[in-house]
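Counting from 1, the numbers follow the sequence of the chain as shown.
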Amino acid sequence: MHLHNVTLHDFGAYRGEQQLDLRTEPGRPIVLIGGLNGCGKTTLLDAIQLVLYGPKADCVRNRPYNEYLQQCINREADPAEGASIALEFSITVENEEHYYRVVRNWYFTGSKTLREFLTVLVNGEFSRTHTENWADHVETILPLDVSTLFFFDGEKIEELADPRSAARVIESAIHSLLGVSAVERLRQFLKTLENRQRLSEADQDVLEKIQKQELELKQATQATADAHQRMASARSGLLRRQVALDEIERKFEYAGGKEYERRKELEAERNRIKSQLATTNKALVALAEGPLPLLLLQDQLTSVKEQAKREKEADDASRFLGVLEERDEWLIKQIIDELPASSRAALKRKLTSDRKKRAAAADLEHNLDLPHNALLQLSALDQALATSADRAQELMKEAAGFAEDLEVAQQQVDAVPDDEFIGELVEDRKIAIKQLAVAQAEFERNESLHDEAVARCRRLEEELKRAHSSRHAAEWRSKWLERVVKYSGKARGTLEQLGVDLLAHHIENVEVAVLQSFKTLMRKQGLIRDITIDTEDKFALVLTGPDGDAIDPGRLSAGERQLLAVSLLWGLAKTAGNRLPSIIDTPLGRLDSKHREHLVDRYFPEAGRQVLLLSTDEEIDEKLLGRLRPYLSHTYMLVHDDKTFTTTVKPGYWWTEGAAHVA
C-alpha cells in the first residue's frame with residue numbers, strides 16, 4: 001500500500017481545502033511534516049484513520065460517531081457544507097497496481113440532521129461494490145488491528161512500553177499481519193463445514209423424518225376435524241341465539257317497542273308542533289288587535305265612503321259654481337256669431353242644467369262631519385283590511401294544519417307503551433342481543449382456529465410431499481457427505497499443525513527482528529542480551545540481561561522503554577515485509593539526544609518504504625534535520641493562525657530554504 005495524497009476540507013483546524021502530496025521517491029522514503037503543538041499533527045493522523053475506518057477508527061474511541069463528526073467540522077465553516085476527507089493510495093494485487101480514491105464527507109441538512117457519505121473510486125471509476133462494502137474491503141487492505149503497528153504516535157509508544165499492552169499488540173500482529181489468523185480461520189471454516197455436513201447427514205434418516213411428519217399430519221388432521229366440530233357447534237349456537245333474538249324482536253315490535261325506543265323523539269316532535277301552533281295563534285291575536293275587526297262593519301264602511309264621496313262633490317260644486325256661470329257666459333259670447341240661434345239656445349239650456357245640478361249637490365247636509373281627506377283615508381283602510389284578511393287566512397290555515405299535526409303527534413305519544421307494560425321485553429331484548437354477540441365472537445374464534453388448523457395441515461402435506469421426493473437423493477448423498485467429513489477432518493489436523501509451526505516460525509523471526517531493532521537503537525549495547533516472546537503467558541515479552549537473568553521492564557528508564565516499544569513495532573513491521581506505510585507522530589518526547597540520533601539515523605530511514613513523520617521543532621531540530629535530509633521526499637509545515645484558530649499547510653520545514661516565512 002502506498003499513499004499518494006490526502007485532502008482535507010474544513011476538517012478540524014484545517015480551514016478551506018488543504019492538500020499534502022505523500023508520494024515518496026526511491027531511497028527517500030520520508031515525508032516530514034512539522035508543526036508546533038496544537039497545530040493539527042494528530043488531527044492529520046486522525047483524518048487518515050477516519051477516512052479509512054469511519055466509526056471504527058481509533059480516534060473515535062467510545063464517543064458517539066455523529067457527535068465526533070460534528071466536532072470535526074471547522075468552527076468557521078458552514079454546517080450545511082460540512083467537512084470532507086479524501087485519501088488516494090495504490091495497492092498491488094497479483095503484480096497489478098490498483099488506484100483508490102476514498103472520499104468521506106458529512107454535513108448538516110436543513111432539519112439539523114448530520115448526514116455522512118462515502119465514495120470509493122477504483123482506477124478512476126466509481127465502484128458501487130467497494131463503496132457499499134468498504135468496511136469489509138478495507139480490512140483486506142489494512143486490517144484495523146494491524147494499523148496500530150503502522151499508524152502510531154508518542155502516546156501509543158508510551159502505551160506499548162507497558163508489557164501488557166505490548167503482549168496484546170504482539171498477539172494481534174502475529175495473528176493478523178503474519179497470516180496465523182488466516183490458518184485459524186480456515187480451520188474454523190472447515191469445522192463449520194463439517195458441522196453443516198453432519199447436520200446434512202440427517203437426510204440419511206429421512207424415513208424417520210417422514211414418519212414423524214406423517215404422525216404430525218395425522219394429529220393435525222384430527223385437530224382440524226375437532227376444530228371443524230367446534231366451529232359447527234358454535235355456528236349452531238349462533239343460529240339459536242339469532243332465532244331467539246328475532247322472536248323477542250317480533251314481540252317487542254308488536255308491543256310497540258319501536259315507538260317505545262322513539263318515545264323521546266315523538267315527545268320532542270309533539271312539543272315542537274305545539275310550540276309552532278302557539279306561535280301561530282299568538283300571531284292571529286296580534287293581527288286581531290289591529291284593523292282586522294273592522295271587516296265586520298263592511299256595510300257601514302261602504303255607506304261612510306259614499307257619504308264622503310258626496311260631501312267631496314258638494315264641496316267641489318260650491319267652490320266652482322260662480323266660476324262656471326262666468327265661464328258659460330263667456331263661452332256663449334265667443335260662439336254667438338258662429339252658431340245658429342237654435343244651437344246656441346240648446347247649448348245654453350245644457351249649461352244652465354249643469355249649474356243647477358251642481359247647485360243642488362252643493363246644498364248637501366254634512367251630518368258626519370267628515371274631514372276633507374276622509375275618502376283617501378277610507379281607501380287606505382280598505383287596502384289594509386284586504387292585506388290583514390289575506391294574512392289572517394294564511395295564519396288560520398297554518399293553525400288548522402298544526403292542530404291536525406298536533407293531534408296525530410299526541411296520538412303517537414299516547415300509543416307508546418309505558419315502562420311497566422314493556423319493561424320485561426326490553427330487558428329480555430338486551431340479554432338476547434348480548435348473548436348473540438357472545439355467540440358471534442365464539443363462532444369467529446373457532447372459525448379462525450379452524451382456518452389455522454387447515455393451513456397447518458396443508459403445510460404439513462407439502463412438507464411430507466417434499467420429504468418423499470428427497471428420500472432417494474438423501475440415500476446417495478449420505479456417502480458423499482461421509483467422504484467430505486473424513487477429508488475435512490484430515491485437513492483440519494494438517495492446518496492445526498501448520499498453525500503451530502507457522503506461529504513458532506513467526507515468533508522466532510519476530511524475536512530476532514525486535515532484538516536486532518533494539519540493539520540498533522540502544523546506545524547501551526550490553527543492556528539486553530535476548531528478547532523472547534512467551535506464547536504460554538499470553539505473548540508476554542521477556543527480557544534477558546547479560547547474566548542470563550530476566551529483567552523487569554520496569555527497571556528500564558522511560559527512554560529505554562520507549563525505544564523498546566519502537567523496536568517492537570519496527571521488528572513486527574520488518575517481519576511483515578514493510579509493505580505498509582508508517583505514520584509516526586511525535587516519537588521523540590522522552591529520548592535523550594543520543595537516542596534521538598539513533599532513531600533519526602537508523603530507524604526512520606528503514607521504518608518502511610513510505611514514512612510520514614510528524615514532528616515539532618524540538619524533536620526534529622536543525623541538527624537532526626541535517627541528518628535526515630538525504631532521506632526526505634517532501635517537507636511540509638502546519639502553520640497555525642492564533643487569531644482565527646485555523647491551520648494552513650505550507651511547503652518546507654524550519655531551517656529549510658523558503659520556509660522562513662512560515663516559521
Side-chain angles (χ1 to χ4, degrees), residues 3 6-18 20 35 37-87 89 100-120 128-160 162 164-165 168-169 172 176 583 585-586 612 614 638 640 644-647:
L3 303 179
V6 61
T7 304
L8 311 179
H9 184 81
D10 287 334
F11 179 77
Y14 294 89
R15 182 73 174 101
E17 183 172 290
Q18 306 292 329
L20 292 89
N37 290 331
C39 287
K41 298 188 300 299
T42 302
T43 301
L44 180 61
L45 175 60
D46 292 345
I48 296 176
Q49 294 186 70
L50 181 62
V51 71
L52 288 174
Y53 302 108
K56 296 181 179 179
D58 187 58
C59 56
V60 178
R61 302 184 189 276
N62 296 323
R63 285 177 288 182
Y65 185 53
N66 278 6
E67 179 181 324
Y68 176 77
L69 292 181
Q70 178 181 352
Q71 294 173 354
C72 286
I73 300 176
N74 185 274
R75 66 178 68 185
E76 299 296 329
D78 182 359
E81 295 293 332
S84 66
I85 308 169
L87 180 67
F89 60 90
Y100 284 77
R101 176 178 172 82
V102 183
V103 182
R104 192 181 296 271
N105 65 298
W106 60 94
Y107 57 85
F108 282 94
T109 62
S111 59
K112 301 300 181 184
T113 301
L114 187 70
R115 301 190 64 186
E116 181 198 22
F117 293 92
L118 177 70
T119 306
V120 179
R128 181 180 298 276
T129 301
H130 288 85
T131 299
E132 294 177 352
N133 301 282
W134 179 250
D136 296 327
H137 184 69
V138 72
E139 290 291 327
T140 65
I141 299 174
L142 178 57
L144 179 61
D145 292 340
V146 174
S147 67
T148 58
L149 301 179
F150 297 91
F151 299 170
F152 57 90
D153 54 16
E155 181 181 349
K156 178 65 69 175
I157 292 175
E158 291 289 342
E159 180 183 350
L160 291 179
D162 180 3
R164 289 172 296 180
S165 299
R168 290 195 298 270
V169 171
S172 174
S176 300
I583 304 177
D585 182 12
T586 59
L612 273 61
L614 307 173
L638 306 181
H640 189 71
T644 61
F645 300 102
T646 58
T647 295

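One distance of note links OG1 of Thr7 with CZ of Arg101; it measures 6.0 Å at 0.5 Å rounding. One finds the CG atom of Leu118 at 11.0 Å from the CH2 atom of Trp106 (value rounded to the nearest 0.5 Å). The OH atom of Tyr68 sits 13.0 Å away from the CG atom of Leu114 when rounded to the nearest 0.5 Å. With rounding to the nearest 0.5 Å, the separation of NE2 in His9 from CD in Gln18 is 10.5 Å. Taking CG of Leu87 as the start and CG of Leu8 as the end, the distance is 10.0 Å to the nearest 0.5 Å. How far NE2 of His130 is from NE2 of His137: 3.5 Å, rounded to the nearest 0.5 Å.
At least one side-chain heavy atom of Asp10 sits less than 4.5 Å from a side-chain heavy atom of Arg15. For the pair Thr43/Thr647, no side-chain contact is recorded, criterion being any heavy-atom separation below 4.5 Å from C-beta on. Under the 4.5 Å side-chain criterion, counting only non-hydrogen atoms from C-beta, Ile73 is in contact with Phe108.
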Stepwise side-chain contact (heavy atoms from CB on, under 4.5 Å) check, Leu612 with Asp585 | CA-CA 8 Å; Leu612 273 61; Asp585 182 12; over 6 Å; no

Decide yes or no on side-chain contact (heavy atoms from CB on, under 4.5 Å) for Leu638 and Lys41, but give the supporting numbers first.
-> CA-CA 8 Å; Leu638 306 181; Lys41 298 188 300 299; 3.8 Å; yes

May I have the step-by-step check of side-chain contact (heavy atoms from CB on, under 4.5 Å) for Phe89 and Leu52, ending in yes or no?
-> CA-CA 11 Å; Phe89 60 90; Leu52 288 174; 4.1 Å; yes

Where do Glu116 and Tyr65 land on the side-chain contact (heavy atoms from CB on, under 4.5 Å) test, with the steps shown first?
-> CA-CA 11 Å; Glu116 181 198 22; Tyr65 185 53; 2.6 Å; yes

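Applying the ring pair (Phe, Tyr, Trp, His ring centres under 6.0 Å) test to Tyr14 and every residue at least two apart in sequence or in another chain returns nothing.
The only member of Val51, Asn105, Leu50 that meets side chain to side chain contact (heavy atoms under 4.5 Å, CB included) when paired with Phe11 is Leu50.
Other residues, nucleotides and ligands place no more than 12 heavy atoms under 6.0 Å from the CZ atom of Arg115.
Classified by interplanar angle (parallel below 30°, tilted 30° to 60°, perpendicular above 60°), the ring pair Tyr107/Phe117 is parallel.
What you find for Gly82 and Ala77 is that their closest heavy atoms are O-CB, 4.5 Å. The two residues Cys59 and Gln49 have their closest heavy-atom pair at N-OE1, 4.5 Å.
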